Engineer: 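I am attaching a structure below and will ask some questions about it afterwards.
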Amino acid sequence: MKYDFSSIESKWQKRWAQADIFSAKDDFSKPKFYALIEFPYPSGAGLHVGHIKAYSGLEVVSRKRRMQGYNVLFPIGFDAFGLPTENTAIKTGTHPRKVTDENIAKFTDQLKRVGFSFDWNRVIDTTDEKYYKWTQWIFLEMFNHGLVFRDTALVNYCPSCKVVLSNEDSQGGKCDICHSDIIQKSKDVWYLRITQYADKLLEGLDRVDYLPNIKMQQENWIGKSTGAFVNFKIKEVNETLRIYTTRPDTLFGVTFMVIAPEHPIIEKYQDKIANISELNSYREECSKKTEFERTQLIKDKTGVKIDGLTAINPLNNKEIPIYISDYVMMGYGTGAIMAVPAHDQRDYEFAKKFGIDIIEVIKGGDISVEAYTKDGEMVNSDFLNGYTNKKASIERMLEYLTEKGIGEKGVQYKMKDWAFNRQRYWGEPIPIVHCPKCGMVPLPYSELPLKLPEVKNYEPGEGGESPLAKIESFVNCKCPKCKGDAKRETDTMPQWAGSSWYFLRYIDPKNDNAFADPEKLKYWLPVDWYNGGMEHVTRHMIYSRFWHKFLYDIGAVPVDEPYAKRTAQGMILGANGVKMSKSLGNVVDPNDVVKEYGADTLRTYILFMGDYGSAAPWSESSVKGCKRFLERVADLTAIAKGKGTTPALESSFHKTIKKVSEDIEALKFNTAIASMMTLLNAIYDNCSLTVDELDTFITLLCPFAPHLTEEIHEQLGYKDFLSLAKWPEYDESKTADSIVEVAVQVCGKFRGTISVSADSSKEELIAAAKECDRVKPYITGKTIIKEICVPGKLVNIVVK
RNA sequence: GCGGAUGUGGCGGAAUUGGCAGACGCGCCGGAUUUAGGUUCCGGUGGGAACACCGUGCAGGUUCAACUCCUGUCAUCCGCACCA
């Protein structure tokens with residue numbers, strides 16, 4: 001058969017669409033399979049080969065599950081709010097709505113050309129008011145359940161994007177969007193209380209099937225630590241300084257305290273502090289440092305002693321000095337620490353520099369050289385003396401602290417509450433009204449969606465205010481509570497909002513009365529398998545798990561974990577082995593590949609190029625290799641004749657069906673394809689094949705190369721869709737060969753093979769091995785001291 | 001610094017439980033077809049003159065047998081990073 005891929009591909013894409021064969025049915029009697037891929041951000045650059053790889057994995061799994069009789073939901077949508085679109089709008093003067101629609105149309109066209117079996121009836125767009133109505137609805141639910149609060153805080157601010165960023169969006173002190181250095185700025189911020197769900201987010205990980213490194217990254221991100229809060233009295237004023245420590249066992253070794261430069265106690269007691277101007281100039285210096293400088297570059301400890309405030313160790317009433325230093329952060333714990341230089345390296349460095357006492361309380365190290373952080377016998381520690389187990393001493397100390405009322409057990413998380421507002425246009429408006437009398441008033445649900453107003457200028461204001469603030473007709477409104485004059489919130493939600501619950505909307509995308517029908521949620525949830533990039537494992541996934549757990553707690557969804565299983569694909573690198581980027585000119589456009597080699601080749605190559613979870617460089621010649629494979633498959637139509645099975649190929653077929661079936665489930669697509677190539681080679685070596693066998697072969701290949709295989713299926717005379725055919729089954733007993741090659745070793749060295757019947761006994765195998773011509777020279781005249789036999793695998797004769 | 005992962009031909013990568021290292025593909029070499037190139041087909045392809053021998057980052061160890069297990073070490077990549 002001539003392999004005219006472009007006409008074959010457009011033909012079958014049309015037929016699938018006309019017959020609507022990939023839409024999920026709300027038929028609750030069938031077993032369901034919900035496969036989810038991370039929906040794309042429709043950027044102007046169009047689809048990237050990385051998108052194809054990200055979707056191809058579950059595309060193949062979904063196609064296989066469909067053929068196995070599952071009711072499959074494999075949806076697609078667009079995460080379309082966000083800065084790049086808004087920036088295009090500003091640059092070109094085009095409405096972001098128009099930019100978004102054009103980009104979505106472009107993405108849709110490209111995705112369809114690859115032949116993905118998405119359910120195109122359920123497409124969602126986060127910027128559609130019918131969608132974001134429910135994003136706002138969930139926000140209001142959170143507000144009404146006390147999970148939203150507003151605070152003035154030092155926030156991560158990107159001076160270039162003029163926008164407040166969450167911690168997650170400013171990793172490494174760089175803006176996630178434009179990579180400029182972020183600065184700390186005091187602003188009014190809307191927060192979502194994600195920390196209230198920290199424990200649930202952590203504990204839920206025990207009940208889901210995520211790749212181990214994904215779980216680990218999430219745990220790391222949440223960053224739970226257990227320890228104690230301890231209150232230190234201050235001698236000169238009626239005040240206690242509260243600290244957090246994970247090492248309460250070392251409390252007798254405290255020789256000084258350190259507070260963050262921003263700690264409020266300094267301003268509160270500035271008239272008691274003799275060296276306030278010195279402190280202020282140090283604080284000034286610190287505030288100028290970027291996060292990057294403060295955390296990455298400064299290894300040398302700096303700080304200033306507070307002259308006029310002295311702390312008292314609550315255990316032994318010893319007076320200890322207080323310092324300010326930027327190695328203590330206001331954002332973690334209480335912004336103040338007790339310093340134990342003998343057993344904490346940072347405190348040690350600080351003490352050495354400032355000439356502070358170092359008291360050993362755990363034996364085992366040499367504190368004249370460095371801090372000792374391991375276990376050992378407690379000394380200089382009153383009631384803890386003699387304890388050797390860290391855990392036991394911590395417990396004893398906690399008991400003591402609680403008993404005396406000077407402290408208590410405490411838990412801290414690295415994760416912070418989620419800064420939720422952005423000073424931008426292209427996002428969901430926050431449905432809150434500021435009333436001079438009533439304060440912050442949530443919009444009634446009946447007023448949703450709160451639509452984005454039309455504006456002429458999308459530029460954010462100079463003071464970092466949203467473009468919406470300039471629209472008086474939007475801003476001025478009546479208070480829903482007292483009906484008096486009020487003003488709307490003008491900030492919008494971050495891009496992560498819409499993507500935090502999109503998988504729920506796919507279940508019932510057109511519902512106007514609820515975000516989804518409870519019966520449908522009950523059937524489809526949880527998502528059975530979610531695949532995406534490693535870069536979304538900490539942010540998007542933590543946010544969406546948080547939203548979902550909240551919805552579960554208010555009874556809006558039936559399961560507490562949204563994703564039963566999560567995997568991640570590896571990147572596609574440029575041909576030169578480095579990340580694809582425009583500036584390096586090594587970007588591959590999937591459109592070009594489809595045009596030149598066809599979608600089936602593109603799909604097959606992307607899954608064949610290497611381990612699905614690892615990064616692999618693009619190779620044009622390997623693309624050609626996959627095209628050759630498909631051409632050779634197309635040519636099978638010339639040799640396929642008759643019905644039934646070809647005896648010489650029977651076990652090869654059963655083996656291949658088994659291998660492909662298992663490998664797809666394990667995301668080992670490369671070896672699945674390799675095994676089909678091996679079978680194809682065997683078919684050509686054998687020079688004969690029945691029509692039934694060809695049909696089995698193309699059925700196995702269908703998830704990978706659906707267009708070509710549909711075409712062959714039709715040529716074989718079938719009228720139905722191969723995409724809906726039954727997945728082949730194998731007979732385990734027929735996967736084994738009757739004659740097997742067994743390796744023979746002498747003293748562990750491979751010397752030859754023997755062909756024997758698969759059910760030969762150990763004795764028969766050893767006897768046959770000794771008769772092998774290649775083996776004889778190595779054993780004749782030697783004493784056999786051991787004979788090892790692994791049936792079906794190998795014989796090892798040990799001689800002396 | 002901490003945590004995780006990876007290291008196999010010229011290249012991408014295969015190798016259930018320790019059991020013939022290099023499946024499959026690319027590339028390369030030779031041959032056939034072709035005016036030629038391309039395509040296609042056939043044969044070969046870890047190193048090595050070798051049926052010896054050597055080969056899975058490096059050095060040891062356990063074992064009849066190690067890519068696989070153990071100890072140490074180096075390199076690369078990723079994540080977190082003064083988290084008290």
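This is a predicted model, so every value here is computed, not measured. Quick note: numbers below take in every heavy atom, side chains included, and nothing from hydrogens, waters or symmetry partners.
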Engineer: What's the gap between B/C20 and B/A15 when it is taken at their C1' atoms, as a whole Å value?
Structural biologist: 11 Å
Engineer: Using the side chain to side chain donor-acceptor pair (under 3.5 Å) criterion, which residues pair with A/Asn313? Sequence neighbours excluded.
Structural biologist: none
Engineer: Out of B/A23, B/G25, B/C64, which has the shortest distance to the side chain of A/Val798?
Structural biologist: B/C64
Engineer: Is B/G9 in the syn or the anti form, by the rule that syn lies within 90° of 0?
Structural biologist: syn
Engineer: Under 4.0 Å, counting only non-hydrogen atoms across every strand here, what does A/Asp347 touch: a base, just sugar-phosphate, or nothing?
Structural biologist: nothing
Engineer: Which class fits the ring pair A/Phe256 and A/Phe350: parallel under 30°, tilted 30 to 60°, perpendicular over 60°?
Structural biologist: parallel
Engineer: Of the candidate nucleotides B/C26, B/A14, B/C41, which contains the atom at the shortest distance from the side chain of A/Arg632?
Structural biologist: B/C41
Engineer: Walk along nucleotides 44-53 of chain B from 5' to 3' and tag each nucleotide B, S or - by protein heavy-atom contact under 4.0 Å, base first, then sugar-phosphate.
Structural biologist: --------SS
Engineer: Would you measure the distance from the P atom in B/C41 across to the matching atom in B/C26 and give it in whole Å?
Structural biologist: 10 Å
Engineer: Could you check which of B/A84, B/U40, B/G19 has an atom nearest any side-chain atom of A/Glu631?
Structural biologist: B/U40
Engineer: Just how far, in rounded Å, is C1' of B/A81 from OH of A/Tyr332?
Structural biologist: 13 Å
Engineer: Quickly work out the A/Gln569 CD to B/A5 P distance and round it to whole Å.
Structural biologist: 20 Å
Engineer: Looking across every strand, which nucleic acid part, if any, lies under 4.0 Å from A/Lys668 by heavy atom: base, sugar-phosphate, or nothing?
Structural biologist: sugar-phosphate
Engineer: Identify, with sequence neighbours excluded, every residue that meets salt bridge (charged side-chain N to carboxylate O under 4.0 Å, His left out) alongside A/Lys668.
Structural biologist: none
Engineer: Measuring from the side chain of A/Thr671 (C-beta onward, heavy atoms only), which nucleotide among B/C24, B/C26, B/A14 has the closest atom?
Structural biologist: B/A14
Engineer: Nearest heavy atom decides the nucleotide; on that basis, is A/Pro617 or A/Gly331 closer to the 5' end of RNA chain B?
Structural biologist: A/Pro617
Engineer: In whole angstrom, what separates A/Leu630's CG from B/G25's P?
Structural biologist: 13 Å
Engineer: For A/Gly223, answer base if it contacts any base atom (sugar-phosphate contacts may also be present), sugar-phosphate if it contacts only those atoms, and nothing otherwise; contact means non-hydrogen atoms under 4.0 Å.
Structural biologist: nothing
Engineer: Using atom P in both nucleotides, what's the gap between B/U73 and B/G4 to the nearest angstrom?
Structural biologist: 16 Å
Engineer: CH2 of A/Trp618 versus C1' of B/C11: gap in Å, rounded?
Structural biologist: 16 Å
Engineer: So among A/Thr240, A/Ile322, A/Ile320, which one has a side chain to side chain contact (heavy atoms under 4.5 Å, CB included) with A/Phe232?
Structural biologist: A/Ile320
Engineer: Could you pull out all residues at least two apart from A/Arg242 that satisfy side chain to side chain donor-acceptor pair (under 3.5 Å)?
Structural biologist: A/Asn231, A/Glu408
Engineer: Can the ring centroids of A/Tyr323 and A/Phe354 be said to lie less than 6.0 angstrom from one another?
Structural biologist: yes
Engineer: Rounded to the nearest Å, what distance is computed from the CZ atom of residue A/Phe669 to the P atom of nucleotide B/A14?
Structural biologist: 13 Å
Engineer: Distance check needed: B/U16 P versus A/Lys793 NZ, whole Å only.
Structural biologist: 9 Å
Engineer: Distance check, C1' atoms only: B/G18 and B/C24, in whole angstrom units.
Structural biologist: 24 Å
Engineer: Counting the atoms with a prime plus P, OP1 and OP2 as sugar-phosphate, which does A/Glu787 contact under 4.0 Å by heavy atoms, base, sugar-phosphate, or nothing?
Structural biologist: nothing
Engineer: For the atom pair OH (A/Tyr597) and CD (A/Glu620), what is the distance rounded to the nearest 0.5 Å?
Structural biologist: 3.5 Å
Engineer: According to side chain to side chain donor-acceptor pair (under 3.5 Å), does anything in residues 772-786 of chain A pair up with another residue at least two apart or in another chain? List the pairs.
Structural biologist: A/Arg751-A/Tyr778
Engineer: With a non-hydrogen cut-off below 4.0 angstrom, is A/Asn670 in contact with a base, only sugar-phosphate, or nothing?
Structural biologist: sugar-phosphate
Engineer: Rounded to whole Å, how long is the line connecting atom CZ of A/Arg539 with atom C1' of B/G79?
Structural biologist: 12 Å
Engineer: Using the P atom on both, measure B/G61 against B/C42 and round to a whole Å.
Structural biologist: 48 Å
Engineer: Of the candidate nucleotides B/C26, B/G13, B/A84, which contains the atom at the shortest distance from the side chain of A/Met329?
Structural biologist: B/A84
Engineer: Anything under 30° is parallel, anything over 60° is perpendicular, the rest tilted; go ahead and classify A/Trp496 against A/His540.
Structural biologist: parallel
Engineer: Under the ring pair (Phe, Tyr, Trp, His ring centres under 6.0 Å) rule, what do A/Trp618 and A/Tyr605 come out as? Steps first, then yes or no, please.
Structural biologist: CA-CA 9 Å; A/Trp618 188 265; A/Tyr605 170 65; 4.9 Å; yes
Engineer: If we take the P atom in both B/C2 and B/A65, what is their distance in whole Å?
Structural biologist: 37 Å
Engineer: How far, in whole Å, is B/U68 from B/U16 if one measures between their C1' atoms?
Structural biologist: 12 Å
Engineer: Do A/Asp635 and A/Tyr684 pair up side chain to side chain, a donor and an acceptor below 3.5 Å, judged on atom types alone?
Structural biologist: no
Engineer: With pairs defined as Watson-Crick or G-U wobble and both distances under 3.5 angstrom, please note down RNA chain B as a dot-bracket string, | for pairing with another strand.
Structural biologist: (((((((..(((......[....)))((((((.......))))))((.....))..(((((..]....))))))))))))....
Engineer: Below 4.0 angstrom from OP1 or OP2 of B/G25, is there any side-chain N or O of A/Asn681?
Structural biologist: yes
Engineer: Could you tell me how far B/C58 sits from B/G3 if I compare only their P atoms? Round to whole Å.
Structural biologist: 26 Å
Engineer: Between A/Gly748 and A/Gly610, who's closer to the 5' end of RNA chain B by nearest nucleotide?
Structural biologist: A/Gly610
Engineer: Mind running side chain to side chain donor-acceptor pair (under 3.5 Å) on A/Ser225 and A/Tyr413 for me, showing each step along the way?
Structural biologist: CA-CA 6 Å; A/Ser225 83; A/Tyr413 303 93; over 6 Å; no
Engineer: Look at the side chain of A/Lys301 and the base of B/C82, then say whether one donor and one acceptor between them are separated by less than 3.5 Å.
Structural biologist: yes
Engineer: Taking the minimum atom-to-atom distance to the side chain of A/Ile788, which one of B/C20, B/G19, B/A14 wins?
Structural biologist: B/G19
Engineer: From the list B/G79, B/C24, B/U17, which nucleotide is the closest neighbour of the side chain of A/Phe608?
Structural biologist: B/C24
Engineer: Please pick, from B/G19, B/C64, B/G12, the nucleotide with the shortest atom-to-atom distance to any side-chain atom of A/Gln745.
Structural biologist: B/G19
Engineer: Could you tell me whether A/Ala615 contacts a base, only the sugar-phosphate backbone, or nothing, with contacts defined as non-hydrogen atoms closer than 4.0 Å?
Structural biologist: sugar-phosphate
Engineer: Looking at the side chain of A/Arg628, which of B/C82, B/C26, B/A65 is the nearest nucleotide?
Structural biologist: B/C26
Engineer: From the options B/U17, B/C20, B/A84, select the nucleotide whose nearest atom is closest to the side chain of A/Glu741.
Structural biologist: B/C20
Engineer: Working to the nearest 0.5 angstrom, can you tell me the gap between A/His536 NE2 and A/Arg566 CZ?
Structural biologist: 8.5 Å
Engineer: Using whole Å, what does the distance between atom P of nucleotide B/U16 and atom CG of A/Asp663 come to?
Structural biologist: 11 Å
